[in-house]
There are 2 protein chains.
Amino acid sequence: MIEVSLVREAVKQRKARSESFLGFEYLRFSDDFREIPRGTAVFQETVIWGYPHIGRIFMLERGLREQFEKPFWVEEKIDGYNVRIFTVGDRIIALSRGGYICPFTTDRVQDFIDVRFFEENPDLVLCVEVAGPENPYIEESPPFVTEDVGFFVFDVMRKDRRDFLGHREKLSLLEKYALPGVEVFGRFTPEDTEQIKRLLLQLDREQREGVVFKEDSERGRRAKYITSYANLNDIRITARNMLQLPPEYYTNRILRIVLFMEEEGVERTEHLYGELGKAFIEGLFSAIEQYRKEHRVYRTFRCRFRSRENALALMELLHRTSKHIQVVERELKKEGDYWILSFDKIFLNMTGLLGHLLGGGLVFD
Amino acid sequence: MIEVSLVREAVKQRKARSESFLGFEYLRFSDDFREIPRGTAVFQETVIWGYPHIGRIFMLERGLREQFEKPFWVEEKIDGYNVRIFTVGDRIIALSRGGYICPFTTDRVQDFIDVRFFEENPDLVLCVEVAGPENPYIEESPPFVTEDVGFFVFDVMRKDRRDFLGHREKLSLLEKYALPGVEVFGRFTPEDTEQIKRLLLQLDREQREGVVFKEDSERGRRAKYITSYANLNDIRITARNMLQLPPEYYTNRILRIVLFMEEEGVERTEHLYGELGKAFIEGLFSAIEQYRKEHRVYRTFRCRFRSRENALALMELLHRTSKHIQVVERELKKEGDYWILSFDKIFLNMTGLLGHLLGGGLVFD
């Protein structure tokens, strides 16, 4: 429960607002507010807590020793988007990290999750990473999802509670209902650094994003660590949208790469010099090339729906929530069992700036 | 003249404030305010206008054709700091771009500028770039100043006026008083792109910053263009202070490098991939190395003064105006005819972040 006076204060400060979407009415926390994380949602009397922030370590060896007192599980961190899936009445819905009902994820739940799980556990919430080349939100995609999307359960919560089920309880539920989970690499201690480093070098080679460490203890402390591949990939992919990112986006990633090189030894990581430059430059070249050909900088997304209404609802959500990005539908057509939606996200700031610069315009800075 | 009501409004909005320094009382515009540029200063009835912003072109060929209708002079842009030097009563003082009286520049004027210029032209203002390894403000330094600093006159203004003397009038004054000027590469038209490109490739090889184009016309339109060397050098040098820079600092420079490659052809500029990565990574490595050795990230400055009082005044000014940077005096000692001041600028944010990260701390983003 969240106290009524707290809700009232959050609404007054515009940190929470009521939402009406897909036939649901609920309260959504659009920002962190006191102890309540962004994305927390209240349906009638039921609170679905926002997924908490997980801190990142930049130095593997020192960070693990500093952060963990007990053994911890190491799980794969998958490059997708984070949703919480649960029942409201007799319907199953998926909330995005920010607390919006996602029409795409909601549409596709039953393709990946056995609904018996929710029938038999109406009080549970699945925390799932949805990832793959045909998702409507992010350009990154893990190498092991080559079409459509995959669902990867990484945590289970209870309604009205902020904490997670323990690791073994989670695994037994995944097994019982044959739910797809993220890969678990094992249980380690802070002394196992060499083994964990080898694991991360392997993930890096396989173009995977990184890992989450979850302490096997009451306090359940967590931390994450990202591969250089993923840091570089973020830089490469976001070049088109460079002007819209928060100032620390690039400096953080560059620092992570440099601290990785520092920890691994420069001799073994020298290739990263060229790769960092390439990540920035090639991303921008492709934006320039696109602008020259089509006079706009954009990215096309495509995704599959069971129901046409959900595809339309996704477009409505994207129109409503996109800032500095123009979302334009290309096509919505039936192919076999699916409705295939394709649409463009046009990056307005980069489009405007490149138009100005390539036309010989002046910039005052 | 600036109208009294405008001054009053600027003060009210905290865009202008009165300053008292080195025995002078004046009004300083700390920000652009309506038509008045930042750095404008009012001494009694005399207005010293702020040096105007000069726009930058990112594409040389297209930019020159777009911006200039008539022939233009091409002058060297020197990597230093911009001051305006003039008389108040019987004293000669130098104002920084932001409108502070600079005790260092003021101290050294007579080493570089024949004071007869001011005696015979009390209504004129010299716009000067001060550059070299022993300046108190910036780490960059042009290759042709190997010790101390140099003064390079690039414009002449009149008191109470915003415009500049014409090119020929300026040159004849420089000649008459044997004043040091920036190098003038000639008078070109927008059709001379190939020649200008060759000039810029040469400046790039010589590790020089770039050029300013000044139209030889009534409107006197101006624009600047920076070499890749200077763009990369900025990235390399500012790594220690990365967290303090405005968000567009790096994205702008990366865009400039990419548009340079695009204009020159990638085959001929491929080396920039590695150099861009190196610029970021080496700068950060040196910050990390410094932190490990000395537990702080800093840069030592050293400069020469004629008078001890001016050295102390500079320290006072730096203490008063530095944000997120701690300025610590190392030494002030007499050597021959000069007082040698050395001091450190400690970059507090980077020091704090590296301490946190290298100690294995978590970052939430």
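The basis for the numbers below is simple: all heavy atoms, side chains too, and nothing from hydrogens, waters or symmetry mates. Bear in mind that the values here come from a model prediction, so they are computed numbers and not experimental data. Quick note on labels: first sequence line is chain A, next is B, and so on, each numbered from 1.
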Chain A shares the most heavy-atom pairs under 4.5 Å, among B/Gly274, B/Gly55, B/Gly63, B/Gly361, with B/Gly55
Could you walk me through whether B/Val258 and A/Ile288 pass the side-chain contact (heavy atoms from CB on, under 4.5 Å) check? CA-CA 9 Å; B/Val258 170; A/Ile288 291 169; 3.6 Å; yes
If I measure from the heavy atoms of chain A, does B/Leu354 come under 4.5 Å with its side chain, its backbone, both, or neither? side chain
Chain A heavy atoms under 4.5 Å from B/Leu357: which part of the residue, side chain, backbone, both or neither? both
Which portion of A/Tyr250 sits near chain B, non-hydrogen atoms under 4.5 angstrom: side chain
Near B/Lys197 NZ, under 6.0 Å, is it more than 12 heavy atoms from other residues, nucleotides or ligands? yes
For the CD1 atom of B/Ile257 and the CD1 atom of A/Ile281, what is their distance to the nearest 0.5 Å? 6.5 Å
Could you check which of B/Val266, B/Leu272, B/Leu60, B/Leu255 has the highest count of heavy-atom pairs closer than 4.5 Å to chain A? B/Leu255
Could you have a look at B/Ile57, B/Leu353, B/Leu284 and say which one has the most heavy-atom pairs with chain A under 4.5 angstrom? B/Leu284
If you compare all heavy atoms of A/Leu362 against all heavy atoms of B/Arg222, which two are closest, and at what distance to 0.1 Å? CD1-O, 4.3 Å
Is it true that A/Arg292 and B/Glu262 make a salt bridge, defined as a side-chain N closer than 4.0 Å to a carboxylate O? yes
Does the ring centre of A/Phe280 sit less than 6.0 Å away from the ring centre of B/Tyr273? no
For the interface with chain A, which of B/Leu245, B/Leu64, B/Leu243, B/Thr251 has the highest count of heavy-atom pairs at distances below 4.5 Å? B/Thr251
Is there side-chain contact between A/Leu358 and B/Arg62, with at least one heavy-atom pair below 4.5 Å? no
Let's go through B/Met261 and A/Phe285 carefully: what are the C-alpha distance in whole Å and the side-chain angles of both, what is the deciding distance for side-chain contact (heavy atoms from CB on, under 4.5 Å) to 0.1 Å, and is it a yes or a no? CA-CA 9 Å; B/Met261 294 174 75; A/Phe285 267 138; 3.6 Å; yes
